[in-house]
Peer 1: 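I'd like to ask you about the structure that follows.
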Amino acid sequence: MDMKICILDDYHDTVRTLVCFKKLAGHNVAIWNDRVQDLDALGERLKDTEALVLIRERTQIRAPLLERLPKLRLISQRSVYPHIDINACTRLGVMVCSNLHAGTPSYATAELTWGLILAAMRQIPQQAAALKAGNWQTGVGYSLRERKLGVYGYGRIGSVIAGWGKAFGMHVVVWASEASRAKAQADGYAAAPSKDAFFEECDVISLHMRLVDATRGIVTATDLARMQLTALIVNTSRAGLIEPGALVNALQSGRPGMAAVDVYEQEPVSGGSNPLLAMENVVCTPHIGYVTREEYEIQFSDIFEQINAYSDGRPINVVNPEAQRSSL
């Protein structure tokens, strides 16, 4: 069956240019490029929508909005879904389909992580800005070889970063759950003897965990205060992994000496309002870890396949099967 589909938050009007967009041929598709969070505006915009496509966590889908969308039957997206009220969806007969891609890391995010490590350690943005301003060699950076890379969380992306650290001649140390530390050791990496030692000894620490209740604020102000004056912390996962406000305070105190971040406590950041943007010892990017054309093709191919499978009466990657009976 043909469906009325709405795609939200396609900031750069990219989705319609993807090869996989052809999978929606025959459906009635509306694409929105702005960011609207007002409940009344969203309710009006989506009132006739039958299938809603989400781009990661750019829009919160909670009960007050869902209750205004009587025709909505499907939410199709990819990866985790902390932004969706699954219980409300189930109660209202809205099926949520999301491929969690357990065996495939986001190489795009891993690549950006490594780019941020290099950029921060070698002061690439600062040096480039100084050169454009008419100056020459404004500081001295740090090499990666023989330094200690700390990978916090040894999952899909963390294991990729560990491999790249080894290729760059770094000493890789992992801190994670007991099971993940054991897997890292089986792969030939060292596990830190303790969380305290991990933060005290590593020259670069990169965070690679999902944000769930158990990991929220898992990096504390005390952890950051243990880091070296020349150390770098990198976060391309979620800002909520770090205790609120702790990173800014730690950088102002000088431990760690540097940070590179792609994620923020409040997104999107507009008007230069985040204090991290004003710090010379911080490299900031606007949550672009997964924002490559290749990654979009992978993600939206899955998302559109889920819509067609639902349309054909054989839904896949169903998060809330309890909603299936009333939504089909």
Peer 1: So do the side chains of Glu280 and Gln126 get within less than 4.5 Å of each other, counting heavy atoms only?
Peer 2: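 Yes; the side chains approach each other to less than 4.5 Å.
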Peer 1: Would you call Arg91 and Glu67 a salt bridge, taking side-chain N to carboxylate O under 4.0 Å as the test?
Peer 2: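 Here Arg91 pairs with Glu67 in a salt bridge, since their nearest N and O are under 4.0 Å apart.
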Peer 1: Flag the pair Glu44 and Lys47 as a salt bridge only when some basic side-chain nitrogen lies within less than 4.0 angstrom of an acidic carboxylate oxygen.
Peer 2: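 A salt bridge is present here (some side-chain N lies under 4.0 Å from a carboxylate O).
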Peer 1: More than 12 foreign heavy atoms under 6.0 Å from CZ of Phe21: is that the case here?
Peer 2: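 It does: Phe21 CZ has more than 12 such atoms within range.
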Peer 1: Check this for me, if you would: do Arg35 and Asp9 make a salt bridge, where the nitrogen-to-carboxylate-oxygen distance has to be below 4.0 angstrom?
Peer 2: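 A salt bridge is absent here (no side-chain N lies under 4.0 Å from a carboxylate O).
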Peer 1: Give the ring-plane orientation class for Tyr290 versus His287, where under 30° counts as parallel, over 60° as perpendicular and anything between as tilted.
Peer 2: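 Rings of Tyr290 and His287: perpendicular, as their planes differ by over 60°.
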Peer 1: Decide whether Thr285 and Asp262 meet the rule of one side-chain donor and one side-chain acceptor closer than 3.5 Å.
Peer 2: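 Yes - a donor-acceptor pair under 3.5 Å links their side chains.
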Peer 1: Can you tell which of Leu54, Leu100, Ile75, Ile61 makes a side-chain contact (heavy atoms from CB on, under 4.5 Å) with Tyr81?
Peer 2: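 For Tyr81, the side-chain contact (heavy atoms from CB on, under 4.5 Å) test succeeds with only one of Leu54, Leu100, Ile75, Ile61, which is Leu100.
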Peer 1: Assess, by modelled atom type and distance only, whether the side chains of Gln77 and His83 contain a donor and an acceptor separated by less than 3.5 Å.
Peer 2: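 Yes, a side-chain donor-acceptor pair sits under 3.5 Å.
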Peer 1: For the pair Asp48 and Lys71, find out whether any cationic side-chain nitrogen is under 4.0 Å from an anionic carboxylate oxygen.
Peer 2: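 A salt bridge is present here (some side-chain N lies under 4.0 Å from a carboxylate O).
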Peer 1: Check this for me, if you would: do Arg255 and Glu200 make a salt bridge, where the nitrogen-to-carboxylate-oxygen distance has to be below 4.0 angstrom?
Peer 2: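 Answer for the salt bridge query: no.
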Peer 1: Take atom CG of Asp213 as the centre, draw a 6.0 Å sphere, and report whether it contains more than 12 heavy atoms from other residues, nucleotides or ligands.
Peer 2: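 Not buried by this count: 12 neighbours or fewer within 6.0 Å.
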Peer 1: Side chains of Ser177 and Ser180: is there a donor and an acceptor less than 3.5 Å apart?
Peer 2: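 The criterion, which ignores hydrogens and geometry beyond distance, is satisfied for Ser180 and Ser177.
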Peer 1: Pro256 pairs by side-chain contact (heavy atoms from CB on, under 4.5 Å) with which of Thr230, Leu232, Leu229, Leu251?
Peer 2: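 When side-chain contact (heavy atoms from CB on, under 4.5 Å) is applied between Pro256 and each of Thr230, Leu232, Leu229, Leu251, only Leu251 qualifies.
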Peer 1: Side chains of Ile298 and Arg78, heavy atoms from C-beta outward: is any pair under 4.5 Å?
Peer 2: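 Of all side-chain heavy-atom pairs linking Arg78 with Ile298, at least one is under 4.5 Å.
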Peer 1: Can Arg122 be said to sit on top of Tyr142's aromatic six-ring, NZ or CZ under 6.0 Å from centre and within 45° of the ring axis?
Peer 2: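 Negative - Arg122 is either too far from the ring of Tyr142 or too far off its axis.
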Peer 1: I'd like to know if Arg45 and Asp38 make a salt bridge, using a cut-off of under 4.0 Å between side-chain N and carboxylate O.
Peer 2: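 Looking at Arg45 and Asp38, the cut-off is not met.
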Peer 1: Is a side-chain donor-acceptor pair under 3.5 Å present for Thr236 with Thr109?
Peer 2: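 Looking only at side-chain atoms, Thr236 and Thr109 do not form any donor-acceptor pair under 3.5 Å.
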Peer 1: Looking only at side-chain N and O atoms, does Asp34 offer a donor or acceptor that is under 3.5 Å from a partner on Tyr11?
Peer 2: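 Per modelled atom types, Tyr11 and Asp34 side chains form no pair under 3.5 Å.
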Peer 1: Using 30° and 60° as the class limits, which term best fits the ring planes of Phe198 and Tyr152: parallel, tilted or perpendicular?
Peer 2: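 Plane angle over 60°, so perpendicular.
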Peer 1: Name the residue from Lys148, Lys166, Glu146 that meets the side chain to side chain donor-acceptor pair (under 3.5 Å) definition with His171.
Peer 2: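 Looking at Lys148, Lys166, Glu146, the match for His171 under the side chain to side chain donor-acceptor pair (under 3.5 Å) is Glu146.
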Peer 1: Going by heavy atoms in the side chains, are Ile242 and Thr220 under 4.5 Å from each other?
Peer 2: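 In short, these two side chains do not touch, never coming nearer than 4.5 Å.
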